[in-house]
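Ligands are counted one by one from 1 in listed order, and the atoms in each one are counted from 1 as well.
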Amino acid sequence: MKPRFFKRLSGSPQAVTYGSWWDNASRTLEDAYAATIDRTSEEEYRSRGWHGDWNSPGAKQFLERFGLGPSSRVLEIGCGIARIGRELAPRVGEWHGVDVSANMLSHARARCAGLSNVRLHHITGPPPFTVFPDKSFDFVYATIVFMHLDKEDMFACLREAHRLLKPDGAAYFDTWNVLHPDVQYIWRGAMKIGDGKPRGRIQCSAPAEFRLYLEEVGFAVETLDDSERLVRAWCRRLPGPMPIADDGLPPFGYLCRPGNEETVSGLVTLEGWALDRVARVEVLVDDEPLPQVERGPFRPEVAPAFPRFRPEAESCGFRARLDTSTLSPGSHEIRVMATDDAGRTTCLTGYHHGIIVAGGGGRSQ
Ligand SMILES: C[S@@+](CC[C@H](N)C(=O)[O-])C[C@H]1O[C@@H](n2cnc3c(N)ncnc32)[C@H](O)[C@@H]1O
């Protein structure tokens, strides 16, 4: 029998959104129990919401670990039918749940009837969740949600959680650990179902990869537990992305223009970027270094992509001019060498980056 998360909606997979997939999975309360943990009774469900189980922590672990109390404002991303929120709410100041599924939220509303500090929010698109101002929560978590999201969406949720947390706020996230044999088995099983990918698909991350995403957005990972199928991260919000420690690796970067094998003529600008404690950049044409390489803020797209490398990333561009009239027509090899402050050097142009100087018939070797 296929695990429940492989069940499909009719229609083309492209038409299925996160919302419609999860709405379909939660038409009745019994379906919603099954889609969030297992076929079960309300009593058993409440017990798992409090104690947790093999799959996920419960309210008890969150309260104990992070010392939450009557003044704490808490947010769950992908709250389902408030399995955990139903148990947390009586013990904290406010519990907010956001979810893409209106059906899940209506079961959550019924389950939390009488709890005046529960707020449920239907979201129809990706973050930001504009209903919340910056720094409005003491604790944000998402459990058994990220393994159903495309990685870009998972990353966007992490970034949003960081925005919404107060300074030094606490966070918890989990996803499936791709290095665990059971998860490999489940993931391979998902390949066999054919005709496209179900929206509630299986996504998984390696522990180091999950840590990277968390640190990129600005979490200090206090504990990364990868001993079981799940990789679980217990975190604190830092003011910004985790600074990069020296990883012992040489610099990295890119020669952006001219493109590999581009035909050029006249005066040409060679431009790119190099990062990670870069002390020197050399641009060589047919092994001859160009006399001058400028460094500066030439590539504004780099810093937002590598926030952990700020402030270096803000001025990591390099630029050199090449007068191609001094070269013979045909093919010439460009190499860019970047060296860091410990003397570690790398070639940014890999195995080959050529330009073709216009004006000749064939290509020189
Ligand atoms: C397996 S259930 C887990 C529910 C709850 N976290 C729990 O532990 O009981 C996954 C939940 O994530 C929600 N979800 C799926 N994609 C989402 C997205 N892109 N944004 C927010 N919620 C999402 C689903 O609607 C569903 O309620």
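Remark: the Arg83 side chain and the Thr143 side chain contain no N/O donor-acceptor pair separated by less than 3.5 Å.
Residue-ligand proximity, Gly80 to ligand 1, at heavy-atom distances under 4.0 Å covers atoms 4 (C), 27 (O). For ligand 1 and Leu149, the ligand atoms under 4.0 Å from any heavy atom of the residue are 16 (N), 17 (C), 18 (C), 19 (N). For ligand 1, the atoms lying closer than 4.0 Å to a non-hydrogen atom of Ala35 are 1 (C). In the vicinity of Arg83, heavy-atom distances shorter than 4.0 Å reach the ligand 1 atoms 7 (C), 8 (O), 9 (O). Ligand 1 places these atoms under 4.0 Å from at least one heavy atom of Ile123: 20 (N), 21 (C). Listed by number with element, the atoms of ligand 1 under 4.0 Å from a non-hydrogen atom of Ser101 are 25 (O).
With sequence neighbours excluded, no residue satisfies side chain to side chain donor-acceptor pair (under 3.5 Å) with Glu30. With sequence neighbours left out, the side chain to side chain donor-acceptor pair (under 3.5 Å) criterion links Lys135 to no other residue.
Between Cys79 and ligand 1 there is a heavy-atom distance shorter than 4.0 Å. Distances from ligand 1 to the non-hydrogen atoms of Asp153 include no value under 4.0 Å.
Comparing heavy-atom distances from atom 1 (C) of ligand 1 across Asp53, Ile144, Asp174 singles out Ile144 as nearest.
At under 3.5 Å, not a single nitrogen or oxygen of Thr36, backbone or side chain, sits near a nitrogen or oxygen of ligand 1. Checked by distance only, ligand 1 and Asp99 come closer than 3.5 Å through their nitrogen or oxygen atoms. By the 3.5 Å distance cut-off applied to N or O atoms, Tyr18 is not counted among the residues near ligand 1.
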